[in-house]
Amino acid sequence: MIRNWLNNIGPGPLVAAAFIGPGTVTVCTLAGVNFGYALLWALLLSVFATIILQEMSARLGIVSQKGLSEVLREELKHPVVRVIALLLILSAIVIGNAAYEAGNISGGILGLESLFGSAEFSVGSQDLNLWSLLIGLLAFVLLYIGNYKLLERTFIGLVIVMSLAFIITTIITKPDVSEILKGLVIPNLSEENVLTVIALVGTTVVPYNLFLHASLVKEKWTSKSDLSYARKDTYLAVILGGVVSMCIVISASAIKNVEVSSAADLALGLEPLFGDFASYVMSIGLFAAGITSAITAPLAAAYVASGCLGWTTDLRSWRFRTVWMFILLLGVIFSSIGFKSIEIIKFAQVANGLLLPIIAGFLLWVMNRRSILGNHKNTALQNIFGVVILAITIFLGLKSILKVFNIAWL
């Protein structure tokens with residue numbers, strides 16, 4: 001029984017790894033440093049919303065045996081609407097993931113530098129980072145092999161390492177359990193913390209994960225009878241990802257009177273309080289978070305581009321490989337030379353701010369189409385949850401756009 005259950009752990013760990021990246025680690029770190037346990041409720045809300053949306057995405061993938069972008073291309077009949085939707089998705093996911101890939105690789109670099117020190121070398125007048133090239137090479141090899149089972153097993157291992165690292169770090173800090181429970185169940189929203197709350201929700205409910213999940217489940221399962229396995233896989237992975245995020249917040253709450261602005265600072269800040277061991281464990285977790293996101297971002301971009309453009313989603317097709325190679329190459333170059341493309345990142349934020357409610361709305365619409373899902377379409381309760389989440393994503397989308405343009409609105 002246990003063996004059968006383990007064999008049916010699949011795309012969930014990849015989804016969890018995708019949203020537990022360096023950006024999530026940094027946001028959770030800042031939430032813990034600045035507000036203690038007070039914003040844990042926001043992560044609990046995020047986990048609930050992610051479970052609802054990712055379950056819909058997985059159900060769509062298994063029943064239709066198509067990715068979300070493929071269904072979108074087929075179901076949007078009006079040519080103008082279809083073109084606008086596909087362009088928005090391509091720009092937000094492909095260009096957006098290219099912009100953020102440098103951050104993913106940089107997160108892995110921070111973890112390695114905390115463990116082994118800097119590894120920079122000069123080529124002419126340009127300084128390059130050896131760790132960046134190493135992470136890029138590892139991601140390239142895993143993706144190029146094009147074996148889903150190998151990717152799955154690698155990610156299960158990395159997610160276990162990442163989870164243990166952050167959970168052990170939390171235990172070392174000896175948190176107040178009663179205060180943790182209070183932070184989980186009592187909402188605390190103010191003008192001071194509203195942007196952090198939005199960041200916590202936004203970094204967990206990730207648009208590209210909806211595309212990634214629908215595409216990956218059909219690599220793992222082909223029968224509607226496997227839906228129960230997919231649900232258990234989703235619930236376990238997303239809850240574990242949520243626990244990891246909460247552990248980072250709790251660990252960061254232990255840091256007092258120390259300037260902390262990133263996950264690397266958290267690793268250094270733990271050292272004088274809890275010793276080298278805590279710093280090393282945190283660094284291992286940060287590396288695992290960086291390398292997993294550095295692989296899933298190009299993979300998601302390739303699935304989205306292939307689905308939108310009508311290409312095959314075979315992991316070994318040259319078009320599929322071309323997309324993820326492009327994303328990965330940009331990430332390696334930008335992270336290695338320390339280049340930060342602010343305008344591209346701003347564009348990605350705007351596009352993702354628009355994309356999340358649009359995709360959540362489309363997902364809710366398509367999950368009620370009997371022509372696609374038959375008896376597996378949404379129930380009334382699932383629709384209620386979906387509408388509430390849609391309202392939240394609209395609010396988040398507006399806030400993220402307004403934030404980019406520095407327009408005050410609460």
Side-chain angles (χ1 to χ4, degrees), residues 1-20 44-71 147-160 163 204-206 208-244 296 299-300 303 307 313 315 359-360 362-389:
M1 182 179 176
I2 294 176
R3 183 180 179 84
N4 185 49
W5 179 75
L6 289 173
N7 286 336
N8 280 286
I9 294 178
L14 278 78
V15 171
F19 77 75
I20 305 293
L44 189 61
L45 172 66
S46 305
V47 169
F48 175 75
T50 303
I51 286 175
I52 297 298
L53 292 177
Q54 295 296 158
E55 187 279 333
M56 290 184 191
S57 180
R59 184 159 29 107
L60 175 65
I62 291 176
V63 174
S64 70
Q65 285 296 294
K66 297 174 183 176
L68 181 53
S69 53
E70 293 173 78
V71 175
N147 186 308
Y148 172 75
K149 286 188 177 179
L150 176 62
L151 274 177
E152 183 181 278
R153 290 168 183 167
T154 301
F155 271 79
I156 289 172
L158 286 170
V159 167
I160 289 172
S163 301
T204 308
V205 188
V206 183
Y208 83 71
N209 260 350
L210 299 176
F211 293 93
L212 183 64
H213 205 177
S215 296
L216 289 175
V217 290
K218 60 189 179 66
E219 301 278 353
K220 177 78 174 181
W221 297 295
T222 57
S223 172
K224 296 173 185 176
S225 61
D226 293 323
L227 280 169
S228 61
Y229 293 122
R231 288 192 179 100
K232 290 173 185 175
D233 177 59
T234 300
Y235 300 157
L236 177 66
V238 175
I239 289 171
L240 180 60
V243 168
V244 169
T296 54
L299 186 63
Y303 273 121
T313 54
L315 290 170
I359 295 306
F362 173 76
L363 183 62
L364 192 59
W365 169 67
V366 83
M367 294 308 294
N368 283 280
R369 292 181 67 83
R370 190 175 291 275
S371 60
I372 299 173
L373 292 154
N375 294 329
H376 297 286
K377 71 183 187 67
N378 271 3
T379 64
L381 184 60
Q382 287 170 325
N383 281 330
I384 291 171
F385 287 148
V387 169
V388 171
I389 293 168

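If you're wondering where the values come from, they're calculated on a predicted model, not measured in any experiment.
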Would you mind reporting whether [Y] and [X] have side-chain heavy atoms less than 4.5 Å apart?
X: E70; Y: T313; result: yes
X: R370; Y: N375; result: yes
X: V159; Y: V244; result: no
X: L236; Y: P13; result: no

Count the heavy atoms belonging to other residues, nucleotides or ligands that lie under 6.0 Å from NZ of K218, then report whether that count exceeds 12.
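Yes, enclosed.
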With sequence neighbours excluded, what pairs up with [X] under the salt bridge (charged side-chain N to carboxylate O under 4.0 Å, His left out) test?
X: R369; answer: E75
X: K377; answer: none
X: E55; answer: R59, R231

Return yes if some donor-acceptor pair links the side-chain N/O of [X] with the main-chain N/O of [Y] below 3.5 Å, else return no.
X: T154; Y: L150; result: yes
X: N209; Y: V205; result: no
X: N378; Y: N368; result: no
X: Q54; Y: I51; result: no

Nearest heavy atoms of [X] and [Y], plus distance in Å:
X: G241; Y: F19; answer: CA-CZ, 3.7 Å
X: G242; Y: V47; answer: CA-CG2, 3.4 Å
X: G386; Y: M56; answer: CA-CE, 4.3 Å
X: A237; Y: A16; answer: O-CB, 3.5 Å
X: V217; Y: A58; answer: CG2-O, 3.6 Å
X: T204; Y: S46; answer: CB-CB, 3.7 Å

Derivation of the side chain to side chain contact (heavy atoms under 4.5 Å, CB included) call for L216 and L151:
CA-CA 11 Å; L216 289 175; L151 274 177; over 6 Å; no
Just jot down the side-chain hydrogen bond (donor to acceptor under 3.5 Å, both in side chains) partners of T222, sequence neighbours excluded, or say none.
none
Partner set under side-chain hydrogen bond (donor to acceptor under 3.5 Å, both in side chains) for N147, not counting sequence neighbours:
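N147: no side-chain hydrogen bond (donor to acceptor under 3.5 Å, both in side chains) contacts found.
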Does the gap between the ring centers of Y303 and Y208 come in under 6.0 Å?
no
Roughly how far, to the nearest 0.5 Å, is [atom2] of [Y] from [atom1] of [X]?
X: I20; Y: L240; atom1: CD1; atom2: CG; result: 8.5 Å
X: E152; Y: E219; atom1: CD; atom2: CD; result: 10.5 Å
X: T50; Y: L45; atom1: OG1; atom2: CG; result: 9.0 Å
X: L14; Y: K220; atom1: CG; atom2: NZ; result: 10.5 Å
X: S225; Y: I62; atom1: OG; atom2: CD1; result: 9.0 Å
X: I52; Y: S57; atom1: CD1; atom2: OG; result: 13.0 Å

Sequence neighbours excluded, which residues qualify as side chain to side chain contact (heavy atoms under 4.5 Å, CB included) partners of L60?
S64, L68, V71, L363, V366, M367, I372, L373
Checking L53 against F48 for the side chain to side chain contact (heavy atoms under 4.5 Å, CB included) test, could you report, in this order, the C-alpha distance in whole Å, the side-chain angles of both residues, the deciding distance, and whether it holds?
CA-CA 9 Å; L53 292 177; F48 175 75; over 6 Å; no
Start with the C-alpha distance between V15 and T234, add both sets of side-chain angles, then the distance that settles side chain to side chain contact (heavy atoms under 4.5 Å, CB included), and finish with yes or no.
CA-CA 8 Å; V15 171; T234 300; over 6 Å; no
